[in-house]
Visitor: 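Below you'll find the structure I mean.
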Amino acid sequence: MRDASTGQGNYLYERLTEKHFQRLCAALLAHVHPDIRCYPVGHSDGGRDMTLTDGAEAVVYQVKWTSKPAQDPVSWLSAAVKEEADNIRRLVKGGATRYVLITSVAGTAVPGRGSMDRLDAELARYERDFSIPMQVWWRSDVDARVDAAPTELKWAYSDMLAGHDLVRYFIHGAQTAAQDQGLRTLLMNVIATQWGEDSKVKFKQVELTTHNLDDLFVDVGATRVAEPSNLRRPLPVQLELGQDPADLSGAARYLLRADRPYTLVRGEPGQGKSTLSQYLCQRHREAYLNEADAPATHPAVHEQPADPRIALRVDLHDYAAWLAGQDPFADEMAPAKKRLRHDGQLERFLAAFLTAHSGGLPADTTTVHDLLRRLPVLVVLDGLDEVASPAPANASSARSTASRPGCAPPSTPS
């Protein structure tokens, strides 16, 4: 679920047009009420987008959509009702017994002061004026109905999808739009490539680079050293009786359940930070690879992440080489340039990273921003201690702090 402060719920209705949002609302109602009448979109409908007659009750539905969050949703929706005054009075004379306003706007729930309660008070006055019960379906009400809708209905309005619904659409959707199909192919290629790369242990200190990760990985204990005061809340793992809250038990177990937007993993060289990052990413990738392939006949033997994400594991040694003007993904790396890249944003590097790990499919910063905005992504930046030059190291550290929520800053030595 998205942050309430953004005014957005689970679905991006702003990406739909007014007509497509009305069609979505009609489809949601038709799924529950097969006898509902849905009027043609864009026609002069006399203030009725959909009507439902059930015995003595005649319900009128009117849809109000906006591409921008309303500054004052109560005033905006109240004005919308006033604009429909003549239509409402005519509909009441024609036998309407209930009036429902459906909107893409998010309401707030503070008792008495939130926009939902304030608009209810406004509608109570309109009910007396128009002599008809009135109700509003806010964005959260539409969200709940989309959640309960069949997958095929959601996919028919794929532009609104985000998070896990969008990932499943990419994996299973047979009739995707060309842009989404390209993004799906890019995404699945990257997941498959990194799955193969991270399936082997990369423990260079003792030359263990050919052994299966899952065969050798053992979760190690971890201690929470510090936490920003504005993020202090109960840990997402249950503590044993007498356990110190700073003791996180297994590091992998904690990270698979962590709900913090950023996590910094510290440890001495050779303590297994890179191996931990491999294991963490593999468990996230496993969730989506299992969906793409035939369903597993046996339950997974590994602990699964509480919130599966598209895991991108970045070796900061590659980023440092890229900053120096080299192509870290080429078969033969060219000599470093004398000056660092002026356009060394992490997003630009991630675009090159996606292209290299997808088999050469094109990706740019727009692709990166689209992935980070629409998909549940986990970016793991590994190996800050292996970046030899202070300048690239500082650049890596500085730019990692500007990463979007859901990204994990690099693992560093203490």
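Reckoned from all heavy atoms, side chains included, excluding hydrogens, waters and symmetry mates.
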Visitor: Do Gln304 and Glu286 have a side chain donor and acceptor closer than 3.5 Å?
Guide: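 Judged by distance alone, the side chains do pair up.
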Visitor: Quick one: CD on Glu122 to OG on Ser78, what's the gap to the nearest 0.5 Å?
Guide: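 Reported value, rounded in 0.5 Å steps: 4.5 Å.
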Visitor: Return yes if some donor-acceptor pair links the side-chain N/O of Asp49 with the main-chain N/O of Val63 below 3.5 Å, else return no.
Guide: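 Yes: the side chain of Asp49 pairs with the backbone of Val63.
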Visitor: What pair of heavy atoms forms the shortest contact from Arg253 to Asp219, and how long is it?
Guide: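 Arg253 and Asp219 have their closest heavy atoms at N-OD2, 3.2 Å.
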Visitor: Hey, are Ser277 and Arg313 close enough side-chain-wise for a donor-acceptor pair under 3.5 Å?
Guide: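 The answer is yes; a qualifying pair exists.
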Visitor: Between Gln22 (side chain only) and Val41 (backbone N and O only), is there a donor and an acceptor less than 3.5 Å apart?
Guide: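 A pair under 3.5 Å: no.
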Visitor: Carefully, step by step, assess Glu83 and Lys64 under the rule salt bridge (Lys or Arg N to Asp or Glu O under 4.0 Å).
Guide: CA-CA 12 Å; Glu83 291 176 1; Lys64 296 296 179 182; 5.1 Å; no
Visitor: Hey, are the side chains of Asp382 and Val314 touching, using non-hydrogen atoms and a 4.5 Å cut-off?
Guide: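 When only atoms from C-beta onward are counted, Val314 and Asp382 do not touch, as no gap falls below 4.5 Å.
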Visitor: One pair to check against side chain to side chain donor-acceptor pair (under 3.5 Å): Asp364 and Thr367. What are the steps and the verdict?
Guide: CA-CA 5 Å; Asp364 54 20; Thr367 308; 3.0 Å; yes
Visitor: Less than 4.5 Å apart, any side-chain heavy atom of Trp76 and any of Thr103?
Guide: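 They are in contact (side-chain heavy atoms under 4.5 Å apart), so the answer is yes.
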Visitor: Report the C-alpha distance between Tyr61 and Arg48 in whole Å, list the side-chain angles of each, state the deciding distance to 0.1 Å, and finish with yes or no for side chain to side chain donor-acceptor pair (under 3.5 Å).
Guide: CA-CA 6 Å; Tyr61 296 89; Arg48 48 178 192 168; over 6 Å; no
Visitor: Measuring from atom CD of Gln282 to atom CD of Glu197, what distance do you get when rounded to the nearest 0.5 angstrom?
Guide: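 If I round to the nearest 0.5 Å, the distance is 9.5 Å.
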Visitor: Calculate, to the nearest 0.5 Å, the distance between atoms NE2 and CZ belonging to His369 and Arg374 respectively.
Guide: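 The CZ atom of Arg374 is 14.5 Å from NE2 of His369, to the nearest 0.5 Å.
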Visitor: Would you say that Trp65 contacts Lys19 through its side chain, given a criterion of any heavy-atom pair below 4.5 Å between the two side chains?
Guide: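 When only atoms from C-beta onward are counted, Lys19 and Trp65 do not touch, as no gap falls below 4.5 Å.
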Visitor: Is there a donor-acceptor pair closer than 3.5 Å between any side-chain N or O of Arg139 and the backbone N or O of Tyr11?
Guide: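 Yes; judged by distance alone, with no hydrogens or angles, the pair exists.
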Visitor: Just do the side chain to side chain contact (heavy atoms under 4.5 Å, CB included) check on Tyr99 and Gln135 with the steps written out, would you?
Guide: CA-CA 6 Å; Tyr99 187 86; Gln135 179 186 3; over 6 Å; no
Visitor: With heavy-atom distances below 4.5 Å as the criterion, would you say the side chains of Phe349 and Asp318 are in contact?
Guide: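 Yes, at least one pair of side-chain atoms sits under 4.5 Å.
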Visitor: First locate atom CG of Leu16, then atom OG of Ser158, and finally report the distance between them rounded to the nearest 0.5 Å.
Guide: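 It is 9.0 Å, given to the nearest 0.5 Å.
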Visitor: Please determine whether a side-chain nitrogen of the Lys or Arg among Asp198 and Arg285 lies less than 4.0 Å from a carboxylate oxygen of the Asp or Glu.
Guide: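 Looking at Asp198 and Arg285, the cut-off is met.
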Visitor: At their closest point, which heavy atom of Gly46 faces which heavy atom of Leu91, and how far apart are they?
Guide: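 Between these two residues, the closest heavy atoms are O-CD1, 4.0 Å.
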Visitor: State whether the side chain of Glu347 and the backbone N or O of Thr365 hold a donor-acceptor pair below 3.5 Å, judged by distance alone.
Guide: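 The answer is no, because no donor-acceptor pair under 3.5 Å joins these two groups.
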Visitor: Tell me whether the guanidinium CZ or amine NZ of Arg15 lies under 6.0 angstrom from the six-membered ring centre of Tyr13 and within 45° of its axis.
Guide: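 No.
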Visitor: Can Asp141 and Val136 be said to form a side chain to side chain contact (heavy atoms under 4.5 Å, CB included), step by step?
Guide: CA-CA 9 Å; Asp141 297 307; Val136 172; 5.9 Å; no
Visitor: Between Ser358 (side chain) and Val190 (backbone), is there a donor-acceptor pair under 3.5 Å?
Guide: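 Here the side-chain-to-backbone pair does not exist.
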Visitor: Taking Val60's backbone N and O only, do any of them form a donor-acceptor pair with Thr51's side chain (distance below 3.5 Å, no angle check)?
Guide: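 Not confirmed, Thr51 side chain does not pair with Val60 backbone.
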Visitor: Any side-chain heavy atom of Ile102 within less than 4.5 Å of one from Leu28?
Guide: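 When only atoms from C-beta onward are counted, Leu28 and Ile102 do not touch, as no gap falls below 4.5 Å.
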Visitor: If you round to the nearest 0.5 Å, how far is SG of Cys281 from CD1 of Ile310?
Guide: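 Reported to 0.5 Å precision, the distance equals 11.0 Å.
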Visitor: For Ala363 versus Leu354, what's the shortest heavy-atom pair and its separation?
Guide: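 Answer, listing the atom of Ala363 first, then Leu354: CB-CB, 4.0 Å.
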Visitor: Please determine, by modelled atom types, if Thr151 and Tyr169 share a side-chain donor-acceptor pair under 3.5 angstrom.
Guide: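 Their side chains do not contain a donor-acceptor pair, so the 3.5 Å distance test is not met.
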Visitor: Please walk me through it: do His357 and Phe353 pass ring pair (Phe, Tyr, Trp, His ring centres under 6.0 Å)?
Guide: CA-CA 6 Å; His357 286 79; Phe353 173 91; 4.1 Å; yes
Visitor: Kindly say whether Gly267 contributes a backbone atom to a donor-acceptor pair with the side chain of Lys273 at under 3.5 angstrom?
Guide: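 Between the backbone of Gly267 and the side chain of Lys273 there is a qualifying donor-acceptor contact (under 3.5 Å).
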Visitor: Looking at side-chain heavy atoms only, is the closest gap between Glu18 and Phe21 below 4.5 Å?
Guide: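 Sidechains of Phe21 and Glu18: no contact.
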Visitor: Side chains of Thr17 and His20: donor-acceptor distance under 3.5 Å anywhere?
Guide: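 Yes - a donor-acceptor pair under 3.5 Å links their side chains.
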Visitor: Rounded at 0.5 Å granularity, tell me how far CG in Leu123 sits from CG in Leu77.
Guide: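 Taking CG in Leu123 and CG in Leu77, the distance rounds to 8.5 Å.
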Visitor: Taking it one step at a time, do Arg309 and Val377 satisfy side chain to side chain contact (heavy atoms under 4.5 Å, CB included)?
Guide: CA-CA 5 Å; Arg309 292 176 174 270; Val377 177; 5.6 Å; no
Visitor: Indicate yes or no: at least one non-hydrogen side-chain atom of Ile88 is less than 4.5 angstrom from one of Val81.
Guide: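 Contact flag for Ile88/Val81 side chains = yes.
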Visitor: Could you report the tightest heavy-atom contact between Leu312 and Gln194, atom names first, then the distance?
Guide: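 Of all heavy-atom pairs spanning Leu312 and Gln194, the closest is CA-OE1, 3.5 Å.
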Visitor: Would you tell me whether His164 and Asp307 have side-chain atoms, one donor and one acceptor, within less than 3.5 Å of each other?
Guide: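 Note: His164 and Asp307 side chains meet the donor-acceptor criterion.
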Visitor: Donor-acceptor pairs are to be reported for all side-chain atoms of residues 108-121 against protein atoms at under 3.5 Å, with residues two or more places apart or in another chain.
Guide:
residue: Thr108; atom: OG1; partner: Ser115; partner atom: N; Å: 2.8
residue: Thr108; atom: OG1; partner: Ser115; partner atom: OG; Å: 3.2
residue: Ser115; atom: OG; partner: Thr108; partner atom: N; Å: 2.8
residue: Asp117; atom: OD2; partner: Gly112; partner atom: N; Å: 2.8

Visitor: Which atoms form the tightest heavy-atom contact between Arg98 and Val100, and what is the distance?
Guide: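 Looking at all heavy atoms of both residues, the shortest contact is NH1-CG2, 3.6 Å.
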Visitor: Might you work through the side chain to side chain contact (heavy atoms under 4.5 Å, CB included) test for Lys82 and Tyr126, ending with a clear yes or no?
Guide: CA-CA 9 Å; Lys82 289 180 181 178; Tyr126 287 130; 2.9 Å; yes
Visitor: Any side-chain heavy atom of Lys154 within less than 4.5 Å of one from Asp165?
Guide: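 Answer yes - side chains close enough.
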Visitor: Heavy atoms only: give me the nearest Leu52-Asp35 pair and the separation to one decimal.
Guide: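 What the structure gives for the nearest pair is CD1-C, 4.4 Å.
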Visitor: Under 30°, 30 to 60°, or over 60°: which ring-plane class applies to Trp322 and Tyr319, parallel, tilted or perpendicular?
Guide: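 The rings of Trp322 and Tyr319 lie parallel, inter-plane angle below 30°.
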Visitor: Measure from NZ or CZ of Arg145 to the centre of the six-membered ring of Trp137 and say whether it is under 6.0 Å with the direction within 45° of the ring axis.
Guide: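 Geometry flag: set, cation within 6.0 Å and 45°.
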Visitor: Does CZ in Arg37 sit with more than 12 non-hydrogen atoms of other residues, nucleotides or ligands closer than 6.0 Å?
Guide: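 Counting neighbours around CZ of Arg37, 12 or fewer heavy atoms of other residues, nucleotides or ligands fall under 6.0 Å, so no.
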